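Residue numbers start from 1 in every chain, and the chains themselves are labelled A, B, ... in the order their sequence lines are given, proteins ahead of strands. This one's a predicted model, so the numbers in the text were calculated from it and none came from an experiment.
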Amino acid sequence: MVGIVTYGSYIPVYRIKSEEIARMWGDREDYPAKGLKILSKSVPAYDEDAATIAVEATRNALRRKHIPGEKIGAIFVGSESHPYAVKPTASLLAEVFGAYNAHAADLEFACKAGTAAMQIVYSMVKAGMIEYGLAVGTDTSQGQPGDALDYSASAGGTAYIIGDRDVIAEINHTVSFVTDTPDFWRREGQRYPSHGGRFTGEPAYFKHVMTAARMLMSKAGTEPKDYDYVVFHQPNGKFPLRVGKRLGFTKEQIEPGLLTPYIGNTYSGATPTGLSAVLDIAKPGDRILAVSFGSGAGSDAFDITVTDEIEKFNRDAAPTVRKMIEHARYVDYATYLKFRRMIVEVDE
Amino acid sequence: MVVPRFWRERRHRYNLIGTKCPVCNTVYFPPRNVCPKCGRDSVGKMEEFALSGKGKIYSYTVVHQNVLGYKYQKPYIMAIVETSEGPKLTAQIVDVDPEEVYIGMPVRAVFRRISEDGKAGIIQYGYKFVPDWDALDK
């Protein structure tokens, strides 16, 4: 049985309210809440980046179950905001956790690099190459000030240790669907990404998420009612509910893993963190469907069953996602700009 | 800080790894090769010892005149943290407002960017501390 052995998330403590962003840019006050279904988003502190988030998320995972560094045979880190253009985040994690013999690399695939990391590590465990592997989805995503992404692009991440012993959630099946779809991109050296506006919806998010979800359910021989929870990539608070409805899922299946209304879109961290919030409350036998989406574009889907092992597992050793969401400190727009290094100084 | 020095110290900075004297059990951070109490009895015997990262604020100050690179963080809190294993170390306290901090406040270590060598240079990571809200809630 190959699956999740332990997991941990990290969400920075700072938040900005959507109404503060709307005030700044002269948008209708109710636009973010009604149009995007985002009330606030997480903001990384000045001294946080995708690497520090990855370290904290992994530490939370290892607090729940300690896996010695020498047993971690692979480290893959998915992010579109790796602190360096050249120098891996994965090697920093190897050093921090003493995993010097790990196969390690950074991944980028817009918002789905975290689930891509999970698939790689899962495959390596399944192939018998490694005992345990670490997969992380982490981001301090960038949004152009004043753009719709200014309301959503946030920060956070989740780490999964995947193995074949003491598995708390078995990964039954995983599939992917990928096409060349230019819905969102950032060219080398550009500070902020560009996107196709409404084009990011139908031919991008909806097509890929729905195709991957249907492929997976066909492979697993399941239908929506077989799942206790479903986690979709969540670029805003609206898309996951809409895609869920179209696929035949209920609000009750979706909402426990829907975090964007409170913390925004954590990009590579989004689907992994939604799944983490579900694992925080899951019981043995619960079945979970998780489908990520990365622009450019592709989706990874997972069919997961929670095992009896979760009863013995020390979930309380690290904070739950909900607890981190509640522990919030709000900043104004100017502080947000300062924290996000978006102020351009004259002497630069 | 020059790159080789940072590289040499990275293990200590990332995971608060100090040393422990096996003769008198005193823990040191940063690491020492010789225990000042036991002198030659400790030579060659000092063991690596990882601090838990838990501690409390022994004393602190709020900095308004920043050092280079800290302009965007001011006012910031610099403290002497007394770790639960004994060693006292100087570190920044983050994710909290200066008026909330007090001597004796329980804190725990977090992994943060400490400094960066300009826009093109190396990013130096290491420990800072945040209030240990779990301990404060109890």
Side-chain angles (χ1 to χ4, degrees), chain A residues 10-15 43-60 62-63 69 82-87 89 91-98 100 140 191 316-319 323-324 326-331 334-343 345 347-348, chain B residues 3 6-17 48 50 52-54 66 68-77 91-100 108-138:
Chain A
Y10 178 79
I11 298 162
V13 72
Y14 292 105
R15 305 276 185 282
V43 176
Y46 184 81
D47 56 2
E48 290 184 298
D49 60 26
T52 66
I53 289 170
V55 169
E56 289 295 327
T58 308
R59 280 183 176 168
N60 278 335
L62 297 179
R63 279 180 185 118
H82 291 288
Y84 289 91
V86 179
K87 192 195 170 300
T89 307
S91 62
L92 176 74
L93 292 186
E95 185 67 51
V96 171
F97 298 104
Y100 299 110
T140 55
R191 182 152 198 182
D316 296 339
K323 190 170 178 192
M324 284 186 276
E326 283 163 19
H327 186 64
R329 290 176 168 254
Y330 293 94
V331 296
T335 306
Y336 160 68
L337 290 182
K338 211 165 81 165
F339 281 3
R340 293 304 334 257
R341 300 159 187 251
M342 296 204 284
I343 295 172
E345 297 197 37
D347 58 0
E348 272 185 24
Chain B
V3 171
F6 175 75
W7 173 77
R8 267 197 310 276
E9 295 176 356
R10 71 200 188 289
R11 293 187 59 240
H12 313 294
R13 292 173 182 273
Y14 292 173
N15 283 324
L16 287 168
I17 294 173
E48 277 201 348
S52 65
K54 301 257 182 171
N66 63 287
L68 195 67
Y70 277 68
K71 176 172 153 188
Y72 283 33
Q73 294 179 70
K74 70 179 186 184
Y76 57 92
I77 306 149
Q92 191 182 343
I93 309 293
V94 293
D95 288 359
V96 65
D97 292 333
E99 54 270 24
E100 296 170 89
R108 63 179 181 85
V110 290
F111 190 85
R112 294 291 171 102
R113 286 164 92 120
I114 305 297
S115 59
E116 48 201 285
D117 195 4
K119 283 189 182 300
I122 210 88
I123 302 164
Q124 294 163 353
Y125 293 94
Y127 55 85
K128 293 187 181 182
F129 285 79
V130 296
D132 188 351
W133 298 109
D134 283 343
L136 282 161
D137 287 346
K138 278 174 193 160

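Closest approach of D47(A) and V94(B) over heavy atoms only: OD2-CG1, 3.6 Å. The two residues Y14(B) and R59(A) make their nearest non-hydrogen contact at O-NH2, 2.8 Å. Nearest heavy atoms, R341(A) versus E116(B): NH1-OE2, 2.9 Å. Between V96(B) and Y14(A) the shortest heavy-atom distance is N-OH, 4.0 Å.
D97(B) has its side chain within reach of R329(A): a pair of non-hydrogen atoms, C-beta onward, lies under 4.5 Å apart. Contact of the F97(A) side chain with the N15(B) side chain is not registered, since no non-hydrogen atoms from C-beta on lie closer than 4.5 Å.
The pair R13(B)-E95(A) fails the salt-bridge criterion, with no side-chain N (NZ, NE, NH1 or NH2) lying under 4.0 Å from an Asp/Glu carboxylate O. Salt bridge K71(B)/E345(A): present, at least one basic N to carboxylate O contact under 4.0 Å. A salt bridge links E48(A) to R112(B): at least one charged side-chain nitrogen sits closer than 4.0 Å to a carboxylate oxygen. Looking at D134(B) and K323(A), a side-chain N of the basic residue comes within less than 4.0 Å of a carboxylate O on the acidic one, giving a salt bridge.
Considering CZ of R113(B) and CG of D49(A), their distance stands at 4.5 Å, rounded to 0.5 Å.
Within the 4.5 angstrom heavy-atom criterion, only side-chain atoms of V55(A), from C-beta onward, approach chain B. Only the side chain of Y125(B) comes within contact range of chain A, with at least one heavy atom under 4.5 Å from a heavy atom of that chain.
A donor-acceptor pair under 3.5 Å is absent between the side-chain atoms of Y84(A) and the main chain of I122(B), judged by distance alone. In terms of modelled atom types and a separation under 3.5 Å, the side chain of Q73(B) and the main chain of Y46(A) share no donor-acceptor contact.
Remark: F129(B) engages no residue in a ring-ring contact (aromatic ring centres under 6.0 Å, His included) (not counting sequence neighbours). Among residues two or more places apart in sequence or in another chain, the side chain to side chain donor-acceptor pair (under 3.5 Å) test is passed with S52(B) by S84(B), E85(B).
Options V96(A), T335(A), V13(A), I53(A) differ in how many heavy-atom pairs under 4.5 Å they form with chain B, and the most are formed by V96(A).
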